[in-house]
Amino acid sequence: MPQPGYEHPGDAGADLRTTEPISLGPGERRTVGTGIALALPNGYVGLVHPRSGLASRHGLTIVNAPGTIDAGYRGEVRVTLVNTDRTEPIVLQRGDRIAQLVIQRVERAKFVVVQELPGSQRGSGGFGSTGGFASTAQGVEN
Ligand SMILES: O=c1ccn([C@H]2C[C@H](O)[C@@H](COP(=O)(O)OP(=O)(O)OP(=O)(O)O)O2)c(=O)[nH]1
């Protein structure tokens, strides 16, 4: 069963440990329990990524991808899925591989307030400033 305290408004809870299939209609979002708990060593993080096959074949993805599993977290790993397909529902069964976990070392950053940042080639340009798909297609040079 979903653990109390995990549900957020608008989240329909579900649990893949049950034998009941879980159906996500077009556009539907559900937080699904995996039945898995972890004890990651300090200095590591678990990142819950979507699976490309499910994404391309069914439009199933993870709302908060990648989900962050803190090293100190001992609860059940849960995955907030969304069916982005506009017409087809997707039905998940117990044992279906709905996500993949990447475990990485993390740095502990120390932030220092400064008046000015060191320069770089990119500077403050972002959000497509180096040329996006549309401008390339039209032959626009940046
Ligand atoms: O996809 C996810 C993301 C998070 N968690 C669990 C593990 C994680 O350690 C904990 C908190 O996640 P996060 O830090 O992303 O949550 P938050 O919304 O920032 O809340 P808080 O840290 O206050 O609990 O919830 C999952 O089971 N699945």
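Note that these values count all heavy atoms, side chains included, but never hydrogens, waters or copies made by symmetry. Counting convention: from 1, in listed order, for ligands and their atoms alike. Remember, predicted model here, so these are calculated numbers, not experimental data.
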Number the atoms of ligand 1 from 1 as they appear, then name those within less than 4.0 Å of a heavy atom of [X], with their elements.
| X | value |
| --- | --- |
| Glu76 | 27 (O) |
| Thr68 | 3 (C), 4 (C), 5 (N), 7 (C), 8 (C), 9 (O), 12 (O) |
| Asn64 | 1 (O), 2 (C), 3 (C) |
| Val77 | 27 (O) |
| Arg78 | 1 (O), 2 (C), 26 (C), 27 (O), 28 (N) |

> Which heavy-atom pair separates Arg78 from Thr31 by the least distance, and what is that distance?
Replying inline: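 Looks like NH2-CG2, 3.3 Å.
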
> Where do Glu28 and Ser23 come nearest, in terms of heavy atoms and distance?
Replying inline: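 For Glu28 versus Ser23, the nearest heavy atoms are OE1-O, 3.8 Å.
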
For [Y], is there any backbone N or O sitting under 3.5 Å from a side-chain donor or acceptor partner on [X]?
| X | Y | value |
| --- | --- | --- |
| Arg122 | Gly125 | yes |
| Glu76 | Gly35 | yes |
| Asn83 | Asp85 | yes |

